[in-house]
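Along the sequence shown, residues carry numbers from 1.
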Amino acid sequence: MENFSIRTEGLKKNFGAVKALAGVSIDFSAGLLHGLIGSDGAGKTTTLRLLAGLLRPSDGKMIYARGGSTVPFAALRPSLSYMPQQASLYPDLSIGEHLEFFRELYRLDAQVFRRRSEELLEITRLGKFSDRRAGQLSGGMYKKLGLMCALLQSPSVLLLDEPTNGVDPISRREFWEMLYSLAADKILIIVSTAYMDEAERCSRVHLLDSGRLLASGEPRGVLQETGAASFEELFIKKGAAK
């Protein structure tokens, strides 16, 4: 599996008069589980869409590297999967039909698809529900299906926009267990979340507020450096210091 990293330098994105990102510099080092942490409107989704090539920056740049050497985005694109926050699946298609659809989209070999789909159905525990339509799935099952579709092509870079938002605590825990399993394969995972307790589950955290980077680094190190007992306290402190 290819070893990709991404770095942003002074990244800005404006939507008219709204400054979604105001000069954000982040190092998404290879092979780690990174968390983009912040409340609604912090700039998390905008950052992921920029990294995925779905938006163009107003200023600043994104630097992609493979094995330590800079490469164009086109070299990374086939190895990148993006799971958006909003509903993106087809309610009338079953779990199995979704996998077949993405098989055609990714042009996967039949043998590779069979092995990969069986692995994913086992990991997500959705095998016995393969005939159930997406519109009939619970919130947690729906997010698992979205993750399966994103993982079907065995990506080297995985971008997940608030994948645990609106799901029950048990499904949230199961989802993070799957992320840990993926992280063990040393792929670059960038997950956004507004849940402060999920920040400590990441290898690296990048805290965003109103389009600005508040802090970045290993979770415990960030808390120690800022003198905060929790990420909730850190955001309150940083907010009061504005």
Counting only heavy atoms from other residues, nucleotides and ligands, does the tally under 6.0 Å from CD of Glu225 exceed 12?
no
Around atom OH of Tyr195, are there more than 12 heavy atoms from other residues, nucleotides or ligands closer than 6.0 Å?
yes
Applying salt bridge (charged side-chain N to carboxylate O under 4.0 Å, His left out), can you list everything that pairs with Asp59, at least two apart in sequence or on another chain?
none
Should the heavy atoms of other residues, nucleotides or ligands under 6.0 Å from CZ of Arg201 be counted, would the total exceed 12?
yes
Are the side chain of Ser192 and the backbone N or O of Glu162 linked by a donor-acceptor pair below 3.5 Å?
yes
Show every ring pair (Phe, Tyr, Trp, His ring centres under 6.0 Å) that has at least one partner inside residues 209-230, sequence neighbours left out.
none
Sorted by first residue and then second, give each ring pair (Phe, Tyr, Trp, His ring centres under 6.0 Å) pair with at least one member in residues 144-194; sequence neighbours left out.
none
If a pair satisfies salt bridge (Lys or Arg N to Asp or Glu O under 4.0 Å) and one of its residues is in residues 92-109, list it, with sequence neighbours excluded.
Glu100-Arg103
Pairing of Glu174 and Arg125 as salt bridge, 4.0 angstrom limit
yes
Regarding Arg116 and Ser154, do their side chains bring together a donor and an acceptor under 3.5 Å, going by distance alone?
yes
Is the distance from the ring center of Phe28 to that of Phe4 below 6.0 Å?
no
Please check if the side chain of Gln153 supplies one atom and the backbone of Pro155 the other of a donor-acceptor pair under 3.5 Å.
no
Partners passing side chain to side chain donor-acceptor pair (under 3.5 Å) against Gln224 (at least two apart in sequence or in another chain)
none
Shortest non-hydrogen pair, Leu147 vs Met83, comes out as N-SD, 3.7 Å
Do any side-chain atoms of residues 63-76 form donor-acceptor pairs under 3.5 angstrom with protein atoms, and if so which ones, sequence neighbours left out?
from: Tyr64; atom 1: OH; to: Leu51; atom 2: O; distance (Å): 3.1
from: Arg66; atom 1: NH1; to: Glu2; atom 2: OE2; distance (Å): 3.2

Could you tell me which non-hydrogen atom of Leu11 sits nearest to which non-hydrogen atom of Leu21, and how far apart they are?
O-CB, 3.8 Å
